[in-house]
Amino acid sequence: MIRRWLIAGLLVWLPLGATLLVIGFLVDLMDRSLLLLPEHLRPDVLLGFHVPGLGIILTLLILMITGFFAANFFGARLLAIGESLLQRVPLARTIYGGVKRLSETVLVGDNQAFRKVLLVEYPRKGVWTLAFQTSEPVGEVQERTVKDVVTVFVPTTPNPTSGFIVLVPRDEVIEMDMKVEDALRMIISLGVVNPDVSDSVVLAEKPLNG
């Protein structure tokens with residue numbers, strides 16, 4: 001009975017604690033944007049005490065101003081000049097270019113990256129795993145393959161931010177109706193959470209063996 005209560009308590013506090021931890025980290029990170037202000041203009045100095053979350057407003061304001069600046073002609077020209085100078089720095093060029101391409105792939109709404117959940121045979125025939133379509137290879141990659149292939153990302157569990165890039169023949173890929181969020185939930189939970197069943201039902205029906 002005690003073991004049952006402990007497990008039930010962990011099922012309540014573990015996801016709640018993890019959520020609060022991540023949110024607290026993000027709020028603290030954005031609060032650091034207040035350090036950009038002169039000391040006499042910082043809210044904690046003016047008020048005499050620190051108010052968590054004020055940095056979120058400043059962070060959003062900085063992002064919006066930057067976006068407005070980058071979207072107009074003169075801002076885009078200045079950014080292009082800055083990027084051209086950055087491209088001349090060996091290490092910075094590699095990091096900046098890679099992160100920028102990844103950001104454009106994930107954030108731009110008119111691409112199909114990470115929009116489809118796929119079922120592929122990996123790491124061998126007869127073994128299936130969830131994956132996400134990232135792109136359709138063109139150029140040399142497609143020219144050197146016999147079949148028409150697609151690029152898929154096979155995430156690891158429980159950390160889906162790492163994984164493997166696999167080129168899979170299109171006719172060997174099964175496109176799922178599953179939502180990306182449901183697939184990620186299944187991967188993070190080590191397959192415990194079934195995308196076809198709500199979390200509340202899973203927790204309610206899961207037996208707690210004493």
Item to check | With sequence neighbours excluded, residues passing side-chain contact (heavy atoms from CB on, under 4.5 Å) with Asn159 | outcome: Thr161, Ser162

May I have the list of side-chain donor-acceptor pairs in residues 58-79 shorter than 3.5 Å, sequence neighbours left out?
residue, atom, partner, partner atom, Å
Thr59, OG1, Met30, O, 3.4
Thr59, OG1, Ser33, OG, 3.2
Thr59, OG1, Gly55, O, 2.7
Thr66, OG1, Ile62, O, 2.7
Asn72, OD1, Phe74, N, 3.2
Asn72, OD1, Gly75, N, 2.6
Asn72, ND2, Phe68, O, 3.1
Asn72, ND2, Phe69, O, 3.1

Item to check | Leu37-Ile56 co-clustered via ILVMFWY side chain contacts under 4.5 Å | outcome: no

Checklist entry - Quick one: does Thr134's side chain have a donor or acceptor within less than 3.5 Å of a partner on Thr151's backbone? => result yes

Item to check | Residue list, salt bridge (Lys or Arg N to Asp or Glu O under 4.0 Å) with Arg42, at least two apart or on another chain | outcome: none

Checklist outcome for this item: On a heavy-atom basis, the closest approach of Val154 and Ala131 is CG2-CB, 4.0 Å

Using a 3.5 Å cut-off and no angle test, enumerate the donor-acceptor pairs between side-chain atoms of residues 9-17 and protein atoms at least two apart in sequence or in another chain.
none

Checklist outcome for this item: Hits for side chain to side chain donor-acceptor pair (under 3.5 Å) against Thr145, two or more places apart or cross-chain, chain-then-number order -> Gln142

Checklist entry - Which residues pass the salt bridge (Lys or Arg N to Asp or Glu O under 4.0 Å) test with Arg88, sequence neighbours left out? => result none

Item to check | Approximate separation, where rounding is to 0.5 Å, of Asp177 CG and Lys116 NZ | outcome: 12.0 Å

Checklist entry - What's the shortest heavy-atom distance between Ile188 and Pro158, and which atoms? => result O-CB, 3.5 Å

Checklist entry - Within a reach of under 6.0 Å around CZ of Arg170, are more than 12 heavy atoms found that belong to other residues, nucleotides or ligands? => result yes

Item to check | Shortest non-hydrogen separation from Pro155 to Pro160 and the atoms involved | outcome: CB-O, 3.7 Å

Please tabulate, one pair per line, all N/O donor-acceptor pairs under 3.5 Å involving side-chain atoms of residues 119-130, not counting sequence neighbours.
residue, atom, partner, partner atom, Å
Glu121, OE2, Gly126, N, 2.8
Lys125, NZ, Glu172, OE1, 3.1

Checklist entry - Tracing side-chain links under 4.5 Å among I, L, V, M, F, W and Y, which residues wind up in one group with Leu35? => result none

Next on the checklist: As an exercise, state the distance from CD1 of Ile57 to CG of Leu34, rounded to the nearest 0.5 Å.
Outcome noted: 9.5 Å

Checklist outcome for this item: For Val89, the side-chain contact (heavy atoms from CB on, under 4.5 Å) test, sequence neighbours excluded, returns Ala92

Checklist entry - Does Ile165 belong to the same Ile/Leu/Val/Met/Phe/Trp/Tyr cluster as Leu184, with side-chain heavy atoms less than 4.5 Å apart forming each link? => result yes

Next on the checklist: Asp182: which residues meet the salt bridge (Lys or Arg N to Asp or Glu O under 4.0 Å) condition with it, sequence neighbours left out?
Outcome noted: Arg185

Next on the checklist: If hydrophobic residues (ILVMFWY) are linked whenever their side-chain heavy atoms come closer than 4.5 Å, directly or via other members, who joins Ile2 in its cluster?
Outcome noted: Leu6

Item to check | Shortest non-hydrogen contact from Met176 toward Leu118 | outcome: CG-C, 4.1 Å

Checklist entry - Partners of Thr157 by side-chain contact (heavy atoms from CB on, under 4.5 Å), sequence neighbours excluded? => result Ile187, Leu190

Next on the checklist: Would Val152 and Phe132 count as a side chain to side chain contact (heavy atoms under 4.5 Å, CB included) here? Give the steps.
Outcome noted: CA-CA 5 Å; Val152 301; Phe132 304 98; over 6 Å; no

